[in-house]
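Notes for the one structure printed next.
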Amino acid sequence: MVGCGGYLPERIVTNAELAARLQTSDEWIAQRTGIRQRHVAAPGELTSDLAFHAATRALDRAGLKGSDIDLIVLATATPDNTFPATATKVQARLGMTQGCAFDVQAVCSGFIYALATADNFIRNGQARRALVIGAETFSRILDWEDRTTCVLFGDGAGALVLSAQRDEGGGAEERGLLSTHLHSDGSHYDILYVDGGPSSTGTCGFLRMQGKEVFRHAVHRLAEVVDEALAASRLPATSLDWLVPHQANRRIIDSMGRKLGLPPEKVVITIDRHANTSAASVPLALAEAVGDGRIRPGQLVLMEAMGGGLTWGAALARW
Ligand code: UT7
């Protein structure tokens, strides 16, 4: 992991602004979710634009150019077009001509899925330097009349550069990604989905969610997968320096912090300012905490996410 970056659209929509046109309140949203505001893309500002800006910042921090990259894995549930992959548009704008670029779709777990994919490409020698991006414009698939969903999400992008170069050492002291863990269970497809698509309705559709059900699954599945990640490296939760969780609900994040025995200052929180940016939430949080010097080289970082599918996963990294 040699550089990360984030990008948020300029426009901020506060809870108060939503409360002025919906039956909701700042108090309800903040208490139930921890959200105070979200960023929303400008008309004509696309997922690929957000992804490009985040990728450029990550490459700058890594001291690399687009032409140094031979793999882009872009996680999104809100691509610019049904096809081609948004990743190929970003590839062209970055001036990357070698290797390949493609999208992965695992909704809010998308960044963990993309990270696992890129890591496996690198471990197999199929890529040397990869850009892993999570980018979303969820504002485009929200039903802005539905207070149970539209207050929860925001737009944004985050990116991370992975390099095949690893420090000597090995084992749990090795720097870089230690392990990734992915799961899905399609029997819960309909508790979090979009009610449209090219094959079903021919329209884009809107996000629909049974919030309470999703909440229940999130708490259990995330607890299981973080245990799996720690067990794979034979590391106790006490060895963690940072939890960088998916930012869906402050209560889910706090319950994970308590489960791991982590003090609140070791948990990276962005939900208050970003809301849930789906696949962008983990890399945006990572970019913020690395950028402001909280996450330092050699520290142990646990990332986790759960989303539609259902899909969920975790990644353990020595920064
Ligand atoms: O990133 C993918 C994963 N997503 C998640 O993990 C999200 C998981 N779910 C959640 O975060 C929570 O379930 C929500 C924040 C979505 C909802 O919180 P909740 O505590 O589960 O509330 P609820 O759905 O049980 O609703 C409680 C009440 C209801 O009213 P009644 O039936 O008790 O009269 C809702 O109609 O709150 C009402 N309500 C609202 N009130 C004001 C729902 N949305 C709103 C709102 N403003 N925006």
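Indexing begins at 1, ligand by ligand and atom by atom, following the structure's order.
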Quiz prompt | Verdict with reasoning, Asp195 to Arg208, per salt bridge (charged side-chain N to carboxylate O under 4.0 Å, His left out) | solution = CA-CA 7 Å; Asp195 63 3; Arg208 306 293 175 202; 2.9 Å; yes
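Using a cut-off of 4.0 Å between Lys/Arg side-chain N and Asp/Glu carboxylate O, Arg294 and Glu265 are scored as not salt-bridged. Look at Asp119 and Arg123 and you find a salt bridge, because one of the NZ, NE, NH1 or NH2 atoms lies within 4.0 Å of a carboxylate O, short of that distance.
Enumerated by chain and number, the residues approaching ligand 1 to less than 4.0 Å through a heavy atom are Gln23, Thr24, Trp28, Arg32, Thr33, Cys108, Arg147, Thr148, Val151, Leu152, Leu192, Met209, Gly211, Lys212, Val214, Phe215, His246, Ala248, Asn249, Arg251, Ile252, Asn276, Met306.
Side chains of Thr137 and Ser139: no donor on one and acceptor on the other come within 3.5 Å. Checking Thr33 against Asn249 by side-chain atom types alone, no donor-acceptor pair falls below 3.5 Å. For the residue pair Glu136/Thr277, the side-chain donor-acceptor check at 3.5 Å is not satisfied.
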